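A quick write-up on the structure given underneath.
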Number of protein chains: 2
Amino acid sequence: MLMTEKLDKVDLQILRTLQENARLTTKELAAQVSLSSTPVFERLKRLEREGYIKKYIAVLDADKLNQGFVVFCNVKLRRMNKDIAMEFTRIIQNIPEVTECYNISGSYDYLLKIHAPNMKYYQEFIINVLGTIDSLGSLESMFVMDEVKHDYGLHI
Amino acid sequence: MLMTEKLDKVDLQILRTLQENARLTTKELAAQVSLSSTPVFERLKRLEREGYIKKYIAVLDADKLNQGFVVFCNVKLRRMNKDIAMEFTRIIQNIPEVTECYNISGSYDYLLKIHAPNMKYYQEFIINVLGTIDSLGSLESMFVMDEVKHDYGLHI
DNA sequence: TGTGAAAAGCATTAGGC
DNA sequence: GCCTAATGCTTTTCACA
């Protein structure tokens, strides 16, 4: 990774604003930072090119789309070694219900975030999908009762 | 919440596509679903209006923005009752390092996701910020060593 | 619902400070 | 770096199938 120049206040303001609303026009962004469209357009392209902006996404309503049953799942592997870990992470990539997976420190090896339509679906998912992964040792489900806070965006 | 009509295949395809790239033009979206711009534009407005699309965001690179030290933190309250829970969640809303907070089932009451620049910052954050919350009982940090998977988008 | 055409507005480039 | 001005697209509206 090449070292890139430091971001100035305007760059940071652009990033902050886009974290909140990625569909603003260049013109609207420009108004926010008190510049004309041209420099904002160029800065934006630079920020994309240099990887500060990874992608633009639409955040959907999980409840309305029948994916509102959310579970964090702690996973311990059968044994933590390279082959078993690689097998596990490879399989996880192809399970769409698992939307996030982190290798973490502590009593467990991985933390998964799982989206399902409901408890029944989740129970069957555990039995028929996660439970069949050979590299998996043990598993602990933490059901999300309430999403208290979800900032899409960093504190920059 | 009013009951809205069911989504058809085209609506779902639009949502799926926007989860991947929220900056596609109406025209590009239209090409994907083999329609002209007009109906796609109208469907999009409807999906926004009815709340299927909550917002559009730019996903930034946390490492490049000095927020790449990520920790999941299990929190147990001093006592789990309404007042204490409300106080805790109110405070959490105003801590920018805490990007996510879930009320969960299990041995702990809350699961937090925290972004920090580095371990030293995090340690001071625990002592000076989280540790000073009166409603907090105990705390367990799980450090993210690797983000194995992060799908921005639901399986729809 | 859909199409296609037209008006209004934006993104993008060029030329200059 | 920035600006303004010009261009070619896109979005958005409208008339109509």
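Numbers restart at 1 for each chain; the letters A, B, ... are given by sequence-line order, proteins then strands. Note that the structure is predicted; figures quoted are calculated from it, not measured.
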Aromatic ring pairing B:Tyr122/B:Phe69, orientation class (parallel under 30°, perpendicular over 60°, tilted between): tilted
Residue [X], side-chain heavy atoms: nucleotide from [options] that is nearest:
X	options	value
B:Lys45	D:dT12, C:dT13, D:dT11	D:dT12
A:Ser36	C:dT3, D:dT4, C:dC10	D:dT4
A:Phe41	C:dT13, C:dT3, C:dC10	C:dT13

Would you classify [X] as touching base, sugar-phosphate or nothing, given that sugar-phosphate means primed atoms plus P, OP1 and OP2, and contacts are heavy atoms under 4.0 Å?
X	value
B:Arg23	nothing
A:Thr38	base
B:Thr25	sugar-phosphate

Reference residue B:Phe72; test ring-ring contact (aromatic ring centres under 6.0 Å, His included); the match among A:Tyr110, A:Tyr108, A:Tyr102: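 Only one option passes, and that is A:Tyr102.
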Any B:Arg43 side-chain nitrogen or oxygen under 4.0 Å from OP1 or OP2 of C:dT1: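 So the side chain of B:Arg43 is outside the cut-off, no N or O lying under 4.0 Å from OP1 or OP2 of C:dT1.
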C:dA11 phosphate, OP1 or OP2, under 4.0 Å from A:Thr26 side-chain N/O: yes
Polar side chain donor-acceptor pair, B:Gln13 to B:Arg16, under 3.5 angstrom: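 Side-chain D/A pair, B:Gln13 to B:Arg16: present.
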Residues that B:Lys55 engages under side-chain contact (heavy atoms from CB on, under 4.5 Å), provided they are two or more places apart: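 Only A:Glu20, A:Val59, A:Tyr152, B:Ile57 meet the side-chain contact (heavy atoms from CB on, under 4.5 Å) criterion with B:Lys55.
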